[in-house]
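To start, the structure itself, in C-alpha cells.
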Amino acid sequence: IMMLASVYLRHGGKDNRRKQIRCLIKASDGVMKKFRLNDIRQIGKKQVCWHYEQLRQQDLSLKTRKNYEYVWRLLWVSF
C-alpha cells in the first residue's frame, strides 16, 4: 500500500492523507486476515461489504463509517 500511496501522499493536505493511508492499511489488513487474501488487489465487493457490516455492528458513528467509505473509494479510484 505504501508504494501505491507514495504519489498520493506527495500532493494535497499531508496530515489528512497520512491519516487516510493509516485507515486504509488498518481496514485492508483486517479484511485480508479474515478472508486469507495474499494481495490488496484481491479485495473486492464481498470483502468491502463485510467490512461495512462489521462497522455497523460496532455501532460506530456515521462520520467514522463515511471515512472508511472514502478510504475504500480511494483504493479503487487512485490506486
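Since the model is a prediction, treat every value here as computed from it, not as a measurement. FYI, side chains are in, hydrogens and waters are out, and symmetry mates aren't considered; it's all heavy atoms of this structure.
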Do the side chains of K26 and R22 get nearer than 4.5 Å, heavy atoms only?
no
When clusters are formed by joining ILVMFWY residues with side-chain heavy atoms under 4.5 Å apart, either directly or through shared neighbours, do V71 and V7 land in the same one?
no
Is V77 reachable from Y52 through a run of I, L, V, M, F, W or Y residues, each pair having side-chain heavy atoms under 4.5 Å apart?
no
Are I43 and M3 linked, directly or through intermediate hydrophobic residues, by side-chain heavy-atom contacts shorter than 4.5 Å (ILVMFWY only)?
no
Just checking K45: does its NZ atom have more than 12 heavy atoms from other residues, nucleotides or ligands closer to it than 6.0 angstrom?
no
Between E69 and R65, does any side-chain N to carboxylate O distance fall below 4.0 Å?
no
Rounded at 0.5 Å granularity, tell me how far OG in S28 sits from NZ in K33.
10.0 Å
Is the shortest heavy-atom distance from the side chain of R18 to the side chain of D15 under 4.5 Å?
yes
Hey, does S6 have a side-chain heavy atom less than 4.5 Å from the side chain of R10?
yes
Test your reading of the model: is there a side-chain donor-acceptor pair from Q47 to the backbone of G44, 3.5 Å cut-off?
yes
Test W72 against H51 for side-chain contact (heavy atoms from CB on, under 4.5 Å), laying out the working first.
CA-CA 10 Å; W72 286 118; H51 187 256; 3.3 Å; yes
Distance from Q58 atom CD to T64 atom OG1, nearest 0.5 Å?
10.0 Å
If you measure from CG on D29 to CD1 on I40, what distance do you get to the nearest 0.5 Å?
8.0 Å
Are Y68 and Y70 linked, directly or through intermediate hydrophobic residues, by side-chain heavy-atom contacts shorter than 4.5 Å (ILVMFWY only)?
no
Quick one: are V48 and V31 in side-chain contact, heavy atoms under 4.5 Å?
no
Please check if M2 and W76 belong to a single hydrophobic cluster, counting links between Ile, Leu, Val, Met, Phe, Trp and Tyr side chain heavy atoms closer than 4.5 Å.
yes
Less than 4.5 Å apart, any side-chain heavy atom of Q20 and any of Y8?
yes
Test side-chain contact (heavy atoms from CB on, under 4.5 Å) applied to L24 and L75, step by step:
CA-CA 8 Å; L24 177 60; L75 178 66; 4.1 Å; yes
Got a donor-acceptor contact below 3.5 angstrom from the R17 side chain to the H11 backbone?
yes
